[in-house]
S.K.: 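Below are the C-alpha coordinates for one structure; questions will follow.
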Amino acid sequence: MNQTDIKLTEAPEGAAQAPVDYFTGVAWIKTLVPPNDQTDCVVSDVTFQPGARNSWHTHPNGQILVVTAGTGYYQEQGKAIQLLRVGDAVNIAPDVVHWHGAAADSPFVHIAINPNESKGGAVVWLQPVTDEEYYAYR
Ligand code: MN
(Lines give C-alpha, C1' and ligand atoms only; values in the text may rest on other atoms or scores of the structure.)
Protein backbone atom coordinates (compact mmCIF):
# COMPACT_ATOMS: atom_id res chain seq x y z
CA MET A 1 0.00 0.00 0.00
CA ASN A 2 1.26 3.47 -0.76
CA GLN A 3 -0.02 6.84 0.36
CA THR A 4 -2.39 7.24 -2.56
CA ASP A 5 -4.15 4.00 -1.63
CA ILE A 6 -5.42 5.48 1.63
CA LYS A 7 -8.92 6.83 1.33
CA LEU A 8 -9.24 9.85 3.56
CA THR A 9 -12.76 11.00 2.90
CA GLU A 10 -14.46 8.16 4.75
CA ALA A 11 -13.67 5.58 7.37
CA PRO A 12 -11.78 2.48 6.22
CA GLU A 13 -14.13 -0.50 6.02
CA GLY A 14 -14.95 -1.76 9.49
CA ALA A 15 -13.32 1.21 11.23
CA ALA A 16 -14.81 3.77 13.59
CA GLN A 17 -13.66 7.35 14.09
CA ALA A 18 -11.17 7.64 16.92
CA PRO A 19 -12.56 9.35 20.02
CA VAL A 20 -12.43 13.11 19.55
CA ASP A 21 -11.59 13.60 23.23
CA TYR A 22 -8.22 11.88 22.72
CA PHE A 23 -7.29 12.72 19.13
CA THR A 24 -6.48 16.00 17.36
CA GLY A 25 -7.67 15.83 13.77
CA VAL A 26 -9.40 12.84 12.23
CA ALA A 27 -8.31 9.24 12.74
CA TRP A 28 -10.05 5.90 12.42
CA ILE A 29 -9.59 2.75 14.46
CA LYS A 30 -10.36 -0.75 13.24
CA THR A 31 -10.18 -3.47 15.87
CA LEU A 32 -8.40 -6.50 14.43
CA VAL A 33 -8.17 -8.59 17.62
CA PRO A 34 -10.56 -7.65 20.45
CA PRO A 35 -9.86 -8.42 24.12
CA ASN A 36 -9.45 -12.16 24.44
CA ASP A 37 -8.23 -14.89 26.79
CA GLN A 38 -6.12 -16.70 24.19
CA THR A 39 -3.31 -14.15 23.96
CA ASP A 40 -4.54 -11.21 26.07
CA CYS A 41 -3.32 -8.91 23.26
CA VAL A 42 -5.54 -6.31 21.65
CA VAL A 43 -4.57 -5.43 18.08
CA SER A 44 -5.92 -2.47 16.13
CA ASP A 45 -5.32 -0.76 12.80
CA VAL A 46 -5.19 3.05 13.15
CA THR A 47 -5.43 5.42 10.15
CA PHE A 48 -4.59 9.12 10.63
CA GLN A 49 -5.30 11.98 8.24
CA PRO A 50 -2.30 14.28 7.63
CA GLY A 51 -1.68 16.30 10.80
CA ALA A 52 -3.82 14.04 12.99
CA ARG A 53 -2.34 12.61 16.17
CA ASN A 54 -3.39 11.18 19.49
CA SER A 55 -2.98 12.90 22.86
CA TRP A 56 -0.09 12.25 25.18
CA HIS A 57 -0.71 8.89 26.85
CA THR A 58 0.80 5.83 28.49
CA HIS A 59 0.20 2.09 28.27
CA PRO A 60 0.29 0.22 31.59
CA ASN A 61 1.66 -2.86 29.79
CA GLY A 62 3.53 -1.23 26.91
CA GLN A 63 2.67 -1.15 23.21
CA ILE A 64 4.19 -2.13 19.86
CA LEU A 65 3.51 -0.07 16.74
CA VAL A 66 4.15 -1.37 13.21
CA VAL A 67 3.89 1.16 10.38
CA THR A 68 1.98 -0.11 7.34
CA ALA A 69 1.40 3.04 5.25
CA GLY A 70 2.37 6.68 4.97
CA THR A 71 4.71 8.71 7.17
CA GLY A 72 4.23 9.59 10.81
CA TYR A 73 5.69 10.81 14.05
CA TYR A 74 6.44 9.22 17.41
CA GLN A 75 7.60 11.17 20.45
CA GLU A 76 8.45 10.23 24.01
CA GLN A 77 8.24 13.00 26.61
CA GLY A 78 11.52 14.90 26.85
CA LYS A 79 12.88 13.49 23.57
CA ALA A 80 12.84 14.61 19.93
CA ILE A 81 10.10 13.57 17.52
CA GLN A 82 11.04 10.46 15.51
CA LEU A 83 9.99 10.11 11.86
CA LEU A 84 8.30 6.79 11.11
CA ARG A 85 8.12 5.14 7.70
CA VAL A 86 6.55 1.96 6.34
CA GLY A 87 8.10 -1.09 7.96
CA ASP A 88 9.29 0.73 11.07
CA ALA A 89 8.35 -0.68 14.48
CA VAL A 90 8.30 1.07 17.84
CA ASN A 91 8.57 -0.88 21.10
CA ILE A 92 7.09 1.27 23.86
CA ALA A 93 7.85 0.41 27.48
CA PRO A 94 5.09 0.44 30.12
CA ASP A 95 4.16 3.86 31.53
CA VAL A 96 6.34 5.85 29.07
CA VAL A 97 4.54 9.11 28.22
CA HIS A 98 4.30 9.45 24.41
CA TRP A 99 2.12 10.22 21.39
CA HIS A 100 1.95 9.09 17.75
CA GLY A 101 0.29 10.32 14.59
CA ALA A 102 0.62 11.35 10.97
CA ALA A 103 3.20 13.72 9.59
CA ALA A 104 1.77 17.09 8.58
CA ASP A 105 1.95 16.26 4.87
CA SER A 106 1.10 12.56 4.80
CA PRO A 107 -1.56 10.14 5.93
CA PHE A 108 -0.30 7.45 8.28
CA VAL A 109 -1.37 3.94 9.18
CA HIS A 110 0.00 1.74 11.93
CA ILE A 111 -0.93 -1.48 13.64
CA ALA A 112 -1.04 -1.11 17.43
CA ILE A 113 -0.43 -4.17 19.61
CA ASN A 114 -1.35 -3.85 23.28
CA PRO A 115 -0.24 -6.85 25.36
CA ASN A 116 -1.66 -8.03 28.69
CA GLU A 117 -4.75 -5.95 28.17
CA SER A 118 -6.55 -7.47 31.16
CA LYS A 119 -3.71 -6.50 33.51
CA GLY A 120 -4.28 -2.76 33.84
CA GLY A 121 -5.99 -1.82 30.59
CA ALA A 122 -4.68 -0.66 27.23
CA VAL A 123 -4.18 3.10 27.62
CA VAL A 124 -4.19 6.03 30.05
CA TRP A 125 -4.94 9.34 28.29
CA LEU A 126 -3.25 12.63 29.22
CA GLN A 127 -3.28 16.13 27.66
CA PRO A 128 -3.53 16.87 23.91
CA VAL A 129 -0.37 17.42 21.84
CA THR A 130 -0.30 21.14 21.12
CA ASP A 131 0.48 22.58 17.69
CA GLU A 132 3.70 23.97 19.18
CA GLU A 133 4.76 20.47 20.25
CA TYR A 134 3.62 18.90 16.99
CA TYR A 135 5.30 21.40 14.66
CA ALA A 136 8.54 21.29 16.65
CA TYR A 137 9.61 18.54 14.21
CA ARG A 138 10.19 21.09 11.46
MN1 MN B 1 0.64 4.62 22.26
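Both ligands and their constituent atoms are indexed starting at 1 by order of listing. We number each residue from 1, following the sequence as shown. The figures here come from the full heavy-atom set of this structure, side chains too, leaving out hydrogens, waters and symmetry mates.
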S.K.: Under 3.5 Å, is there a donor-acceptor pair linking the side chains of His100 and Gln63?
M.R.: yes
S.K.: Counting N and O atoms only, with roles assigned by atom type, does the side chain of Arg53 sit under 3.5 Å from a partner on the main chain of Gly51, one being a donor and the other an acceptor?
M.R.: yes
S.K.: Any side-chain heavy-atom pair from His110 and Phe48 closer than 4.5 angstrom?
M.R.: yes
S.K.: Indicate whether any N or O donor in one side chain lies under 3.5 Å from an N or O acceptor in the other, for Glu76 and Trp99.
M.R.: no
S.K.: In terms of relative ring orientation, are Tyr73 and Tyr134 parallel, tilted or perpendicular, with 30° and 60° separating the classes?
M.R.: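 The rings of Tyr73 and Tyr134 sit tilted, inter-plane angle from 30° to 60°.
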S.K.: Determine whether a donor-acceptor pair (N or O, by modelled atom type, separation under 3.5 Å) exists between the side chain of Gln75 and the backbone of Lys79.
M.R.: yes
S.K.: What protein N/O/S atoms lie closer than 2.8 Å to the Mn ion (ligand 1)?
M.R.: His57 NE2, His59 NE2, Gln63 OE1, His98 NE2, His100 NE2
